[in-house]
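Take a look at the structure below.
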There are 2 protein chains.
Amino acid sequence: MDQTDKRLLSLLQDDCKRTTKAYAQDLGLSTTAVYERIKRLEREGLIRKYVALVDKQVAGMDFTVLCQVRLSRHIKEYVLQFEREVQQLEEVSECFHVSGDYDYILKIHVANMVAYRDFMVNKLTALNNIGSTQSSFVISEVKASTAISLG
Amino acid sequence: MDQTDKRLLSLLQDDCKRTTKAYAQDLGLSTTAVYERIKRLEREGLIRKYVALVDKQVAGMDFTVLCQVRLSRHIKEYVLQFEREVQQLEEVSECFHVSGDYDYILKIHVANMVAYRDFMVNKLTALNNIGSTQSSFVISEVKASTAISLG
DNA sequence: TGTTTTTATAGAATAATATTCTATATAATA
DNA sequence: TATTATATAGAATATTATTCTATAAAAACA
C-alpha cells in the first residue's frame, strides 16, 4: 500500500459513488490505473464493503444511547449466548467487548425515549445473564465518521 | 416511506454497489421503479452518503479504544473549542456528547498500544480543558454495523 | 359518483460509465 | 544484462445508469 492507495482509500471512504474518472483526476492517474487499484484493494480485503449511510434524524431514529453492560456470570457458555443474542437485536448497531468496569459497550438507535425504555425492559434486560447496565444518552454527535485514518 | 423503501434502504445499507436491476429483482419491481425510489431517497436526505468501509485489521489499524472524557470547565467557549479540536484528530472517528458521569465518549482507532499512548499523551490530553479520561480497550467487536434498523 | 390530477410503474431508447484489451514503460529479479 | 513482473495509458467493448414515452393505479376534487 503506497501513498496513492491511501489517498484513494480516503476518497472512497468519503464517497464511493463517484466515477473512476473523477478519482483519477484527483490522483493524477488514468482511469485504468485507478480501476486496477480499486480492484486490488477489494481483492486484498482492504475494502470490506460499500454501504449507504442513512440520516438518522431524517429517518426519525435519532435517539442514540451508549449502554454499558455487565454480565452476572462470566462462564464461557453464557458469554457466548449473550453475544449471539445481542447480535440479533436490531436496535443494537454496535457491541464491543471491552476492558474495564463493564464487560460490553453497546450503541443503540431508537426513535425516542419511550422506544428506548421498551427496548431496555423487553429486549436487553430480558436477556439471560445481564448483571447491570448504565446508559449514556447522546446529547449531540460532535463527530460521526466511518472512515479510518491510514496516516 | 413505505415498506418497499425500508426494504430498499436495508439492501443499500448492506451493499450499495449492486446494480439497480439486482435490487429490482429482490424487490419484485422494474429497474425504473427502483431507480426513481433511490433518487427520491437521496433527494429527501434519507440516504446521506455512500462510503467504502475499510477493514481495520487488514489495514493494521485494529486497536480500538472507547475513551470517556470529562472537561475541567464547562464554559461555552471552552466546550466549543474542545469540540472543534477533537474533530481535527484523525484517530478519533466518533465523538458523542453524552449524559452521565463523563461529558464525551470518543471512539479511537490506532495501530497498537504504543500508538495509543502517543495519541493520549501528545494529542488528546494535550488539548486545553481536558479534566480526566477513562479508556475502555476493545477486546473484540461482537457487532459492528453502520446500518440503522427502520423497523 | 364521475372527473381530473398526481404518482408509481414498466419497457424501450439513449447516454454514461465500467471493464477489458493492447501496448509501453518502469521497476524488480535472476 | 536479460528477464520477468507490475503499473500505467489509451482505445475498444460491454454493462449499467439515466432518460423518455406510455399506462395504470391512487389520490384530490367538483
Check: B:E77/B:Q81 side-chain N/O donor and acceptor closer than 3.5 Å:
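Per modelled atom types, B:E77 and B:Q81 side chains form no pair under 3.5 Å.
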Exercise: do B:D103 and B:H74 side chains pair donor with acceptor under 3.5 Å:
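There is such a pair (donor and acceptor under 3.5 Å, judged by atom type) between the side chains of B:D103 and B:H74.
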Once ring pair (Phe, Tyr, Trp, His ring centres under 6.0 Å) is applied, do any residues pair with A:F82, and if so which ones, sequence neighbours excluded?
A:Y104
With a cut-off of 3.5 Å and sequence neighbours excluded, list every side-chain donor-acceptor pair involving residues 135-144 of chain A.
| from | atom 1 | to | atom 2 | distance (Å) |
| --- | --- | --- | --- | --- |
| A:S135 | OG | A:Y116 | OH | 2.7 |
| A:E141 | OE2 | A:K56 | NZ | 3.0 |
| A:K143 | NZ | B:Q87 | O | 2.8 |
| A:K143 | NZ | B:L89 | O | 3.1 |
| A:K143 | NZ | B:V92 | O | 2.9 |

May I have the distance from [X] (atom [atom1]) to [N] (atom [atom2]), rounded to whole angstrom?
X	N	atom1	atom2	result
A:K17	C:dA18	NZ	C1'	13 Å
B:R18	C:dA18	CZ	P	19 Å
B:M1	C:dA8	CE	C1'	17 Å

Tell me whether the count of non-hydrogen atoms from other residues, nucleotides or ligands lying under 6.0 Å of CZ in B:R18 goes above 12.
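Yes - once you tally the heavy atoms of other residues, nucleotides and ligands closer than 6.0 Å, there are more than 12.
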Does A:R73, at its CZ atom, have more than 12 non-hydrogen atoms belonging to other residues, nucleotides or ligands within less than 6.0 Å?
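Open.
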When the rotation axes relating C1' atoms of four end pairs to the next four are compared across the helix from C:dT1-D:dA30 to C:dA30-D:dT1, five pairs an end, they differ to 10° by 40°
Side-chain heavy atoms under 4.5 Å apart, restricted to Ile/Leu/Val/Met/Phe/Trp/Tyr: what other residues fall into the cluster of B:Y35, or is it alone?
none
Apart from B:Y78 itself, residues in the same hydrophobic cluster as defined by side-chain heavy atoms under 4.5 Å:
B:I75
Below 4.0 angstrom, which residues in residues 21-45 of chain A have at least one non-hydrogen atom near DNA chain C?
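The stretch gives A:T32, A:Y35, A:K39 as the residues lying under 4.0 Å from the strand, ordered by number.
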